[in-house]
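Every value quoted in this text rests on a predicted model; they were computed, and no experiment measured them. So that the names make sense, note that chain A is the first sequence line, chain B the second, and so on, each numbered from 1.
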Protein chains: 2
Amino acid sequence: MSIKLYGYWRSTSTYRVRIALNLKQIDYEYVPVHLLENGGAQHASAYKRINPSELVPCLVDDDADIILNQSLSIIEYLDERFTTGSPLLPAHALERARVRGLSQDIACDIQPLGNLRVLNQLRETFSADQDAINRWTAHWIETGLGGIETRLQTQAGKYCFDFDVTMADVCLVPQVYNAIRFGVDISKYPLIAKITENCEQLEAFQKAHPQNQIDAVS
Amino acid sequence: MSIKLYGYWRSTSTYRVRIALNLKQIDYEYVPVHLLENGGAQHASAYKRINPSELVPCLVDDDADIILNQSLSIIEYLDERFTTGSPLLPAHALERARVRGLSQDIACDIQPLGNLRVLNQLRETFSADQDAINRWTAHWIETGLGGIETRLQTQAGKYCFDFDVTMADVCLVPQVYNAIRFGVDISKYPLIAKITENCEQLEAFQKAHPQNQIDAVS
């Protein structure tokens, strides 16, 4: 396989896939798609042929004619296809459902509401200023993280699920990065804060950090 | 198993799980959670103990001490756990990734933006009137369905993926129901329109329709 990941340094869903690729010890080429310059490279016709949804990330394997979108779908594919590194989903169906559930608490209930295109639309439709945008985003992050913190009380160990890193951690760490960016006080969520700290000690997470990407703007 | 599905008739994510339960030929008890009355039963302490995220749906099996949230996670669990009915995900990893991808195009990129709590927040924060709410919702539905229609051109048959009903169809039909409710012209998406029509001829989809639920308001 010769894998390319199309993404953007600060996109939390791209960040998830970078962590997963690292945890699975898969070599890949990172292809930046600049979401802001010239109206957004995700809307250019070359990229639309890869992903008609005009969103990042997208995983492409030219050798095998594979194009996949949606970060959670990509992560599960990598986990099923590659036996290298550590498994990102547990073997037991019920545990797998819980890992997927927590991942989707982030990928369906938090991240979409603070997405760049959504914030732009709030500016356009409702003349939202930056302060209103920040409050909107922080509101959904806090609502979502509050529910997750409660859920973690019954299952968390060193990571979201006991002592194995799973797809849930792969989703949580980028969401916490985004939360801090929007001024959310993570110390209100002690389990989330501790799990994030534990994950960030792993090289797979460090290498995937937005600030360590070739398209990062400091 | 003695399964209870907590949900709301018009919630498209609950609608997805009802279809999946029917396709898998699983008996279940439907427990309505009224999202509007008295500030919303999803925020009551009894329900928060089941789902601290205060959202529907939630699948509960009291006998087995199972509580699961997030519709896609629930659907995959049912598919893995029950061999009855038809499989909702393909056997091959790459095909499975494509089905998950299309399901997430709906569950991550369309549905969350037109969720009841989000529309309420638009009213509160930006004083959005009903007309603005409808345009906001229709915008995201049309953006999302446009991308999906293009994607379907390479893979659709009678259903989203060839001739087998999958989780993608289980997500698509409720989203189309919601699209029509917000005034979107589905005839602009001929493949989506045709697939929906094909699905709606199946009893599993008919029985799951919002209008056929005990908590439906006509």
Side-chain angles (χ1 to χ4, degrees), chain A residues 13 48-49 51-55 59 64-81 93-94 96-105 107-113 115 117-118 121-122 125-128 132 135-136 139-140 143-144 146-151 153-154, chain B residues 13 48-49 51-55 59 64-81 93-94 96-105 107-113 115 117-118 121-122 125-128 132 135-136 139-140 143-144 146-151 153-154:
Chain A
S13 46
K48 276 164 71 174
R49 274 196 293 276
N51 188 357
S53 303
E54 302 174 38
L55 294 165
L59 188 97
D65 198 23
I66 292 173
I67 300 177
L68 293 175
N69 71 319
Q70 291 294 347
S71 61
L72 297 193
S73 169
I74 292 170
I75 292 167
E76 290 222 38
Y77 173 74
L78 295 171
D79 199 44
E80 292 176 3
R81 176 76 181 65
L94 184 59
R96 207 158 42 238
R98 290 189 173 129
V99 169
R100 286 188 184 125
L102 201 77
S103 304
Q104 292 163 14
D105 285 343
C108 301
D109 294 340
I110 304 180
Q111 192 273 338
L113 300 166
N115 209 340
R117 60 179 193 157
V118 173
Q121 193 69 18
L122 289 175
T125 313
F126 302 110
S127 310
R135 274 184 286 113
W136 168 273
H139 169 77
W140 296 115
T143 303
I148 290 171
E149 180 76 12
T150 304
R151 218 182 284 287
Q153 286 164 7
T154 59
Chain B
S13 46
K48 275 164 72 172
R49 274 196 295 274
N51 188 357
S53 302
E54 303 174 38
L55 293 165
L59 188 96
D65 198 22
I66 292 171
I67 300 177
L68 293 175
N69 71 320
Q70 291 294 346
S71 62
L72 297 192
S73 169
I74 293 170
I75 292 167
E76 290 222 39
Y77 174 73
L78 295 171
D79 199 44
E80 291 176 5
R81 176 75 181 65
L94 184 59
R96 207 157 44 238
R98 289 188 174 130
V99 169
R100 286 188 184 124
L102 201 76
S103 305
Q104 292 164 12
D105 285 343
C108 301
D109 294 340
I110 305 180
Q111 191 273 337
L113 301 167
N115 209 341
R117 60 180 193 156
V118 172
Q121 194 68 18
L122 288 175
T125 313
F126 301 111
S127 310
R135 273 185 286 114
W136 167 272
H139 169 76
W140 296 115
T143 303
I148 290 171
E149 180 76 12
T150 305
R151 218 183 284 286
Q153 286 165 6
T154 58

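Neither the backbone nor the side chain of Ile74(A) comes within less than 4.5 Å of any heavy atom of chain B. Residue contact with chain A, scored on non-hydrogen atoms closer than 4.5 Å, involves the side chain of Leu68(B) exclusively. Proximity to chain A (any heavy atom under 4.5 Å) is shown, for Leu102(B), by neither the backbone nor the side chain.
Considering every non-hydrogen atom in both Trp136(A) and Val118(B), the closest pair reads CH2-CG1, 3.9 Å. Taking all atoms of both residues into account, the shortest heavy-atom contact from Tyr77(A) to Ala97(B) is CB-CB, 3.8 Å. What you find for Ser73(B) and Gly101(A) is that their closest heavy atoms are OG-N, 3.5 Å.
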From CA spacing to verdict: side-chain hydrogen bond (donor to acceptor under 3.5 Å, both in side chains), Gln104(A), Asn69(B) | CA-CA 9 Å; Gln104(A) 292 163 14; Asn69(B) 71 320; over 6 Å; no

Chi angles and distances behind the side chain to side chain contact (heavy atoms under 4.5 Å, CB included) call for Leu94(A), Arg81(B) | CA-CA 9 Å; Leu94(A) 184 59; Arg81(B) 176 75 181 65; over 6 Å; no

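Ranked by heavy-atom pairs shorter than 4.5 Å toward chain B, the options Gly146(A), Gly144(A), Pro112(A) are led by Pro112(A). Of all the listed residues (Leu55(A), Val99(A), Leu122(A)), the one sharing the greatest number of non-hydrogen pairs under 4.5 Å with chain B is Leu122(A). Of the listed residues (Thr150(B), Leu113(B), Asn51(B)), the one with the most heavy-atom contacts under 4.5 Å to chain A is Leu113(B).
Under the 4.5 Å side-chain criterion, counting only non-hydrogen atoms from C-beta, Thr143(A) is not in contact with Glu54(B).
Remark: Ala132(A) pairs with Ala128(A), Asp129(A), Arg135(A), Phe126(B) by the side chain to side chain contact (heavy atoms under 4.5 Å, CB included) rule, at least two apart or across chains. In this structure Thr125(A) satisfies the side chain to side chain donor-acceptor pair (under 3.5 Å) test together with Gln121(A), sequence neighbours excluded.
Comment: Arg100(B) engages Glu80(A) in a salt bridge, judged by a side-chain N to carboxylate O separation of less than 4.0 angstrom. We find that Arg98(A) and Glu76(B) are not joined by a salt bridge, their nearest charged nitrogen and carboxylate oxygen being 4.0 Å or further apart.
Considering CD of Gln70(A) and OG of Ser103(B), their distance stands at 9.5 Å, rounded to 0.5 Å.
For the residue pair Arg151(A)/Ser53(B), the side-chain donor-acceptor check at 3.5 Å is satisfied.
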